Amino acid sequence: MPLLPGAEPFRHEGGEVGVLVCHGFTGSPQSVRPWADHLAERGLSVSLPLLPGHGTRWQDMQLTGWQDWYAEVDHALRELRERCSQVFVCGLSMGGALALRLAARHGDAVSGVVLVNPGNKVHGVAAKALPVVRHFVRSTKGIASDIAKPGSEETGYDRVPLHAAHSLRRFFQLVDAELPQVTQPLLLMHSPEDHIVPPADSARILARVSSRDVTERLLENSYHVATLDHDAERIFADTYAFIGRLSGVGSEEGTAARG
């Protein structure tokens with residue numbers, strides 16, 4: 001199947017500091033590509049993989065599950081580690097959950113974690129029915145493009161495949177149990193008004209990780225896909241400053257961006 005516009009994976013060979021960027025459930029690299037570009041333009045090595053089953057048509061996602069999505073980012077992290085002295089992981093929505101599991105499992109191989117509206121739970125009464133309903137109903141309404149900024153759109157599926165949603169629910173449960181193993185510095189940015197992932201998910205993550213270096217920032221002017229929304233530039237600048245503080249790269253520019 002041909003890829004949707006902007007769904008192509010992205011890699012940039014930069015310096016000794018690497019960044020892995022993870023996109024969200026039913027989305028594609030398009031939703032976080034400006035984030036990746038911002039970091040690449042400042043000399044960092046960047047990897048933005050396309051998760052299996054994403055970026056084509058929702059029917060393709062029916063054949064994949066969390067093991068496939070996690071394996072893709074795990075492989076990308078290992079590749080970055082081969083050529084970089086430090087690696088940071090970033091993620092939007094489900095990509096945030098993927099980043100957290102990488103941090104929990106890889107320990108010191110991950111130098112820091114940046115999350116934007118990370119998912120931690122599939123909410124609602126219908127979530128509990130997924131194990132059964134998915135065998136009778138193939139899909140439900142899509143969740144793409146929860147964006148406040150006029151004219152900004154996310155490239156994602158217009159349907160959510162329920163087999164994949166069931167797998168996502170199980171993955172969130174797995175990651176939630178592993179959160180105490182996350183000890184790396186953490187920057188978590190979330191939107192008070194998010195129609196896909198409630199603020200309770202970010203609160204749960206902050207309460208359960210073991211990280212001592214934790215920064216929380218509110219994205220007051222954005223909805224769920226904040227990386228394409230009004231607060232995007234702030235996300236990019238804060239991410240680079242966070243990485244700079246911990247790695248030493250671009251320290252002068254990072255300070256200026258935060259100012």
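Keep in mind it's a predicted model, so treat the numbers as computed, not measured.
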Q. After noting the C-alpha distance and the side-chain angles of Val113 and Leu187, does the key distance pass the side-chain contact (heavy atoms from CB on, under 4.5 Å) rule?
A. CA-CA 6 Å; Val113 183; Leu187 169 61; over 6 Å; no
Q: State whether a side-chain donor-acceptor pair under 3.5 Å links His224 with Ser93.
A: yes
(Q) Could you tell me if the side chain of Val87 sits less than 4.5 Å from the side chain of Ser111, heavy atoms only? (A) no
Q) Between Leu115 and Leu100, is any pair of side-chain heavy atoms under 4.5 Å apart? A) yes
Q: Would you give the length of the straight line joining atom CG of Leu168 to atom CD of Gln173, rounded to the nearest 0.5 angstrom?
A: 10.0 Å
Q. So, are Glu79 and Arg11 salt-bridged, with charged N and O less than 4.0 Å apart?
A. yes
Q. Does the distance from a Lys or Arg side-chain N to an Asp or Glu carboxylate O, for Glu8 and Arg33, drop under 4.0 Å?
A. no
Q | Tyr157-Trp58 aromatic ring centre distance below 6.0 Å | A | no
Q) Is it true that atom CD of Glu216 has more than 12 heavy atoms of other residues, nucleotides or ligands lying nearer than 6.0 Å? A) yes
Q | Shared hydrophobic cluster, Leu102 / Val214 (ILVMFWY, side-chain heavy atoms < 4.5 Å) | A | yes
Q) Do Val209 and Ile205 have side chains that get closer than 4.5 Å, going by heavy atoms? A) yes
(Q) Would the distance check show the side chain of Gln184 and the main-chain N or O of Asp108 forming a donor-acceptor pair, the cut-off being under 3.5 Å? (A) no
Q) Counting only N and O atoms by type, is there a donor-acceptor contact under 3.5 Å from the side chain of Gln30 to the main-chain atoms of Leu4? A) no
(Q) Go through it in stages, so that I can follow the logic: the residues are Leu20 and Phe88, the test is side-chain contact (heavy atoms from CB on, under 4.5 Å), and I'd like the CA-CA distance, side-chain angles, deciding distance and then a yes or no. (A) CA-CA 6 Å; Leu20 171 60; Phe88 295 80; over 6 Å; no
Q) Above 12 or not: heavy atoms from other molecules or residues under 6.0 Å from CZ of Arg245? A) yes
(Q) side-chain contact (heavy atoms from CB on, under 4.5 Å), that's the test. Do Tyr223 and Asp194 meet it? Break it down for me. (A) CA-CA 5 Å; Tyr223 295 161; Asp194 183 329; 5.9 Å; no
Q) Which heavy atom in Gly65 sits nearest to a heavy atom in Ser167, and how many Å separate them? A) CA-OG, 3.3 Å
Q. With distance as the sole criterion, is a donor-acceptor pair present between the side chains of Asn117 and Ser191 under 3.5 Å?
A. yes
Q | Rounded distance (nearest 0.5 Å) linking atom CG of Leu44 with atom CD of Gln86 | A | 10.5 Å
Q.
Between Trp69 and Phe25, is there a side-chain heavy-atom distance shorter than 4.5 Å?
A. yes
**Q.** Residue pair His38 / Ile235, side-chain heavy-atom distance below 4.5 Å
**A.** no
Q: For His12 and Asp37, run side-chain hydrogen bond (donor to acceptor under 3.5 Å, both in side chains): C-alpha distance rounded to whole Å, both residues' side-chain angles, the deciding distance at 0.1 Å, then the answer.
A: CA-CA 9 Å; His12 174 75; Asp37 284 341; over 6 Å; no
Q.
If I compare all heavy atoms of Ser28 with all of Thr155, which pair ends up nearest, and what's the gap?
A. OG-O, 3.2 Å
**Q.** Main-chain N/O of Asn120 paired to Asp201 side chain as donor or acceptor, under 3.5 Å
**A.** yes
(Q) Per the side chain to side chain donor-acceptor pair (under 3.5 Å) rule, what does the pair list look like for residues 227-237, sequence neighbours excluded? (A) Ser222-Asp231
Q. Is His195 atom NE2 crowded by more than 12 heavy atoms from other residues, nucleotides or ligands, each under 6.0 Å away?
A. yes
Q: Would you please test His23 and His54 for ring pair (Phe, Tyr, Trp, His ring centres under 6.0 Å) and show each step?
A: CA-CA 10 Å; His23 70 77; His54 292 71; 5.1 Å; yes
**Q.** Nearest-0.5 Å distance, OH of residue Tyr240 to CZ of residue Arg42
**A.** 7.0 Å
Q. Can you tell me how far the CG atom of Leu228 sits from the CG atom of Leu92, to the nearest 0.5 Å?
A. 8.0 Å
**Q.** Residue pair Met189 / Val114, side-chain heavy-atom distance below 4.5 Å
**A.** yes
**Q.** Distance-only polar pair, side chains of Trp35 and Thr239, donor-acceptor under 3.5 Å
**A.** yes
Q. What are the two closest non-hydrogen atoms of Val89 and Ala99, and how far apart are they?
A. CG2-O, 3.7 Å
Q) Considering only heavy atoms from C-beta outward, does the side chain of Thr64 approach that of Leu51 to under 4.5 Å? A) no
Q.
On a heavy-atom basis, which atom in Pro198 and which in Ile196 lie closest, and how many Å separate them?
A. CD-O, 4.0 Å
(Q) Test side-chain contact (heavy atoms from CB on, under 4.5 Å) on Ser47 and Val19; report intermediate values, then the result. (A) CA-CA 6 Å; Ser47 176; Val19 185; over 6 Å; no
Q) Of all heavy-atom pairs between Ser45 and Glu13, which one has the smallest distance, and what is that distance? A) OG-C, 4.0 Å
**Q.** Heavy-atom pair with the smallest gap, counting every atom of Val21 and Leu48
**A.** O-CD1, 3.2 Å
Q | Co-membership, hydrophobic cluster, residues Val197 and Leu174, 4.5 Å side-chain | A | yes
Q. Which ILVMFWY residues are connected to Leu3, directly or by a chain of links, through side-chain heavy atoms under 4.5 Å apart?
A. Leu50
**Q.** Ile147 side chain near Glu154 side chain, heavy-atom distance below 4.5 Å
**A.** yes
Q. Under the side-chain contact (heavy atoms from CB on, under 4.5 Å) test, which residues partner Arg208, sequence neighbours left out?
A. Asp176, Leu179, Pro180, Arg204
Q.
So, taking the atom named CG in Leu77 and the one named CZ in Arg81, what distance separates them when rounded to the nearest 0.5 Å?
A. 7.5 Å
